[in-house]
Amino acid sequence: TSTTATLNGSANPNAVSSTGYFRYSTTNPGICNDTFGTRAPTSGGSALGSGSSSVAYNQAISGLIAVTTYYFCAITINGVGTSFGGVSSFTTPPAAPIVSTASSSASGTGATFGGVAIPRGAATTGWFRYSITNPGACNDTFGTRAPASGGTALGTSSTVSQNFIQTVTGLTLGTTYYFCAIASNSVGTSFGGMASFT
């Protein structure tokens with residue numbers, strides 16, 4: 001997925017009790033070794049027994065970054081020595097954006113909303129919703145959409161936060177408004193927390 005993967009390998013213990021594990025990194029080590037990147041699991045590994053035929057093993061990993069290429073290899077160790085598989089790779093798919101409601105400033109009958117989003121690998125658009133009624137949690141149906149259609153293009157970055165703002169007018173003086181930031185891409189739509197101003 002965009003943040004997880006399962007690494008697969010196999011090894012022949014050659015009649016000596018053996019353990020299998022993996023190494024992975026966003027940097028290609030060229031050839032497999034037991035020092036590059038991250039060890040998975042951090043210690044120990046899969047018990048492969050002491051048979052004389054190939055045994056498959058795997059390891060789930062998490063905390064990955066969307067739309068990023070990872071390099072990995074299988075490693076097996078026993079009392080005789082350590083053996084290394086070839087280096088393989090995979091690329092994580094895009095994910096729904098991460099978005100937060102950042103700020104607001106009000107002057108007279110106008111206000112400016114602020115939001116922050118990480119597109120996570122797919123072309124993302126940001127916009128806002130606001131109302132004098134608190135919906136409890138942000139959604140894309142309450143109150144008024146700002147702008148009425150479309151929104152701010154936020155690009156496709158996997159890791160870099162993108163700021164966006166929207167100015168609205170025609171508000172009523174002395175009134176409390178509730179608003180939130182929303183961001184959407186081809187994978188899904190995400191909602192920031194509710195904020196308010198008077």
Side-chain angles (χ1 to χ4, degrees), residues 1-7 24-28 37-40 42 60-72 89-198:
T1 72
S2 58
T3 59
T4 65
T6 299
L7 308 180
Y24 69 97
S25 174
T26 57
T27 301
N28 189 345
T38 301
R39 189 187 193 279
T42 54
I61 58 175
S62 59
L64 307 182
I65 299 171
V67 196
T68 301
T69 298
Y70 288 84
Y71 301 89
F72 74 100
S89 67
F90 63 91
T91 301
T92 50
I98 296 172
V99 63
S100 60
T101 305
S103 64
S104 66
S105 60
S107 177
T109 57
T112 299
F113 307 141
V116 180
I118 302 175
R120 300 178 79 195
T124 298
T125 302
W127 67 92
F128 299 87
R129 284 274 183 178
Y130 69 98
S131 174
I132 59 173
T133 301
N134 187 348
C138 185
N139 62 71
D140 200 19
T141 59
F142 84 95
T144 302
R145 191 186 194 279
S149 62
T152 303
L154 303 176
T156 62
S157 175
S158 296
T159 58
V160 179
S161 296
Q162 306 294 323
N163 298 311
F164 60 107
I165 62 172
Q166 180 68 44
T167 298
V168 297
T169 59
L171 306 182
T172 302
L173 294 174
T175 301
T176 297
Y177 287 84
Y178 301 89
F179 75 101
C180 61
I182 302 172
S184 183
N185 61 24
S186 59
V187 180
T189 300
S190 300
F191 305 94
M194 294 301 304
S196 65
F197 65 93
T198 301

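All figures in this text were calculated on a predicted structure; none of them were measured in a lab. Count residues from 1 along the sequence.
The two residues T189 and F191 make their nearest non-hydrogen contact at CG2-CZ, 3.8 Å. Across all non-hydrogen atoms, the minimal contact from L171 to G110 is CD1-C, 4.0 Å. When all heavy atoms are compared, the tightest approach of A123 to N185 is O-CB, 3.2 Å. Minimum heavy-atom separation, M194 to P135: CE-CD, 3.5 Å. What you find for S62 and T4 is that their closest heavy atoms are CB-CG2, 4.0 Å. Across T124 and A122, no two heavy atoms sit closer than the pair OG1-O, 2.8 Å.
L64 places a side-chain heavy atom less than 4.5 Å from the side chain of Y24.
A search for side-chain contact (heavy atoms from CB on, under 4.5 Å) contacts involving T133 returns S131, not counting sequence neighbours. Listed by chain and residue number, T198 satisfy the side-chain hydrogen bond (donor to acceptor under 3.5 Å, both in side chains) test with T176 (two or more places apart in sequence, or in another chain). Considering only residues two or more places apart in sequence or on other chains, T144 meets the side-chain contact (heavy atoms from CB on, under 4.5 Å) condition with Y130. In this structure T141 satisfies the side-chain hydrogen bond (donor to acceptor under 3.5 Å, both in side chains) test together with N139, sequence neighbours excluded. For S100, the side-chain contact (heavy atoms from CB on, under 4.5 Å) partners at least two apart in sequence or on another chain are V116. For T109, there are no side-chain hydrogen bond (donor to acceptor under 3.5 Å, both in side chains) partners at least two apart in sequence or on another chain. For A66, the side-chain contact (heavy atoms from CB on, under 4.5 Å) partners two or more places apart in sequence, or in a different chain, are S2, A95, R120.
Of the options P119, P93, S158, a side chain to side chain contact (heavy atoms under 4.5 Å, CB included) to V67 is made by S158 and by none of the others. Residue T68 forms a side chain to side chain contact (heavy atoms under 4.5 Å, CB included) with just one option from T91, T159, T3, T26, and that option is T26.
Residue pairs meeting the salt bridge (charged side-chain N to carboxylate O under 4.0 Å, His left out) criterion with at least one member in residues 89-104: none, sequence neighbours excluded. Evaluation of the ring-ring contact (aromatic ring centres under 6.0 Å, His included) test over residues 131-155, restricted to residues two or more places apart or in two chains, returns none. Residue pairs meeting the disulfide (SG to SG under 2.5 Å) criterion with at least one partner in residues 110-198, sequence neighbours excluded, are C138-C180. Pairs passing the disulfide (SG to SG under 2.5 Å) check and including a residue from residues 98-137, sequence neighbours excluded, do not occur. Pairs passing the salt bridge (charged side-chain N to carboxylate O under 4.0 Å, His left out) check and including a residue from residues 137-158, sequence neighbours excluded, read R129-D140.
Between F179 and F128, the ring planes are tilted. Angles from 30° to 60° get that label.
Remark: Q162 CD to T156 OG1 distance equals 9.0 Å, nearest 0.5 Å. Distance check: F113 CZ to F164 CZ gives 11.5 Å after rounding to the nearest 0.5 Å. The OH atom of Y70 sits 14.5 Å away from the CG atom of N28 when rounded to the nearest 0.5 Å.
No donor-acceptor pair closer than 3.5 Å links the side chain of T92 to the backbone N or O of F90. Under the 3.5 Å distance criterion, the side-chain polar atoms of Y178 are left unmatched by any main-chain donor or acceptor of G136.
Looking only at atom types and distance, the side chain of S184 has no donor-acceptor partner in the side chain of T125 under 3.5 Å away.
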